[in-house]
Amino acid sequence: MRTKIVAGNWKLNNNKKESKQLIKDLKESIKKLKLKDTRVIVAPTFVNLSSSVKEAKKSKIEVVAQNMHQAKNGAFTGEISADMLKAIGVETVILGHSERRTYFNETDAALAEKVDAILENKMETIFCFGELLEDRKSENHFKVVESQLSNALFHLKGEDFKSIILAYEPVWAIGTGETASPEQAQEMHAFIRSIIEKKYTKEVAEKVSILYGGSVKPANAEEIFSKPDVDGGLIGGAALKVADFTAIIKAI
Ligand code: PEP
């Protein structure tokens with residue numbers, strides 16, 4: 001059985017007080033759900049990680065980072081490293097979000113180095129990838145997704161690959177209100193699993209959790225999560241409202 005995960009990416013939202021309050025409210029509202037194996041994750045901004053980790057202590061909520069630099073230390077002004085995150089109790093990092101790729105020129109090569117740095121620190125990656133609208137329109141979406149995975153992750157050994165959480169996020173569905181249909185999500189997730197099996201083994205492919213991201217809301221979560229290869233969601237906008245995020249968690 002694969003782990004089910006619902007992760008909220010807060011992006012550039014919530015100051016310290018708001019972050020703590022959102023976690024406090026979420027702790028209360030998910031209590032009623034009696035979650036067992038489902039992981040609940042939130043990703044506040046860097047400056048609010050420490051206080052969020054403290055607020056989430058002894059709860060089901062895991063606090064993760066939205067990004068990090070691949071170097072241990074050095075002349076990289078404004079950056080932060082894996083071991084700095086680990087030192088404040090953050091064990092998981094989102095990498096390769098489309099906004100990082102688009103606005104900060106994050107490349108597959110840099111992502112491969114970041115994933116290695118995470119593994120060196122015995123931490124965990126939530127790896128985002130997905131095609132642009134033009135890729136889908138030109139029916140290149142499978143090729144694009146395969147190359148993103150192969151360039152950034154396929155240098156890993158099977159054992160290490162198993163520790164990666166994948167988040168398929170078609171860029172045309174992020175923050176646009178346009179969601180991939182449950183069938184489109186399932187088709188891509190099954191394809192992703194098939195290429196992992198080809199590169200590694202069936203065991204590895206069956207072990208990896210693949211999340212869907214892109215305008216998931218309470219109204220569409222249940223149908224998307226019902227698909228056999230969809231193991232949860234990476235949620236942007238709807239993760240900022242306790243009621244919506246809780247409803248999405250409930251849908252898994
Ligand atoms: C995201 O930022 O990863 C995302 C999926 O955003 P939204 O849910 O707002 O589309």
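In each ligand, atom 1 is the first atom listed, and ligand 1 is the first ligand listed.
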Per-pair distances, 0.1 Å, donor-acceptor, side chain in residues 43-52, under 3.5 Å, sequence neighbours excluded:
unit_1 : atom_1 : unit_2 : atom_2 : d
Thr45  : OG1    : Asn48  : ND2    : 3.1
Asn48  : OD1    : Lys16  : N      : 3.3
Asn48  : ND2    : Asn14  : O      : 3.1
Ser51  : OG     : Asn48  : O      : 3.4
Ser52  : OG     : Asn48  : O      : 2.6

### Query
With distance as the sole test, does Lys114 use its side chain to make a donor-acceptor pair with the main-chain N or O of Thr125 at under 3.5 Å?
no

### Query
Between the side chain of Tyr168 and the main-chain N/O of Ile192, is any donor-acceptor distance below 3.5 Å?
no

#### Entry: Pocket residues of ligand 1, ordered first by chain and then by residue number (heavy-atom cut-off under 4.0 Å)
Asn9, Lys11, His97, Glu169, Ala173, Ile174, Gly175, Gly213, Gly214, Ser215, Leu234, Ile235, Gly236, Gly237

### Task
Using the test salt bridge (Lys or Arg N to Asp or Glu O under 4.0 Å), find all partners of Glu146 that sit at least two apart in sequence or belong to another chain.
none

### Query
By salt bridge (Lys or Arg N to Asp or Glu O under 4.0 Å), which residues pair with Glu159, not counting sequence neighbours?
Lys162

### Query
Name the one of Val208, Asp229, Ile210 that satisfies side-chain contact (heavy atoms from CB on, under 4.5 Å) with Arg2?
Asp229

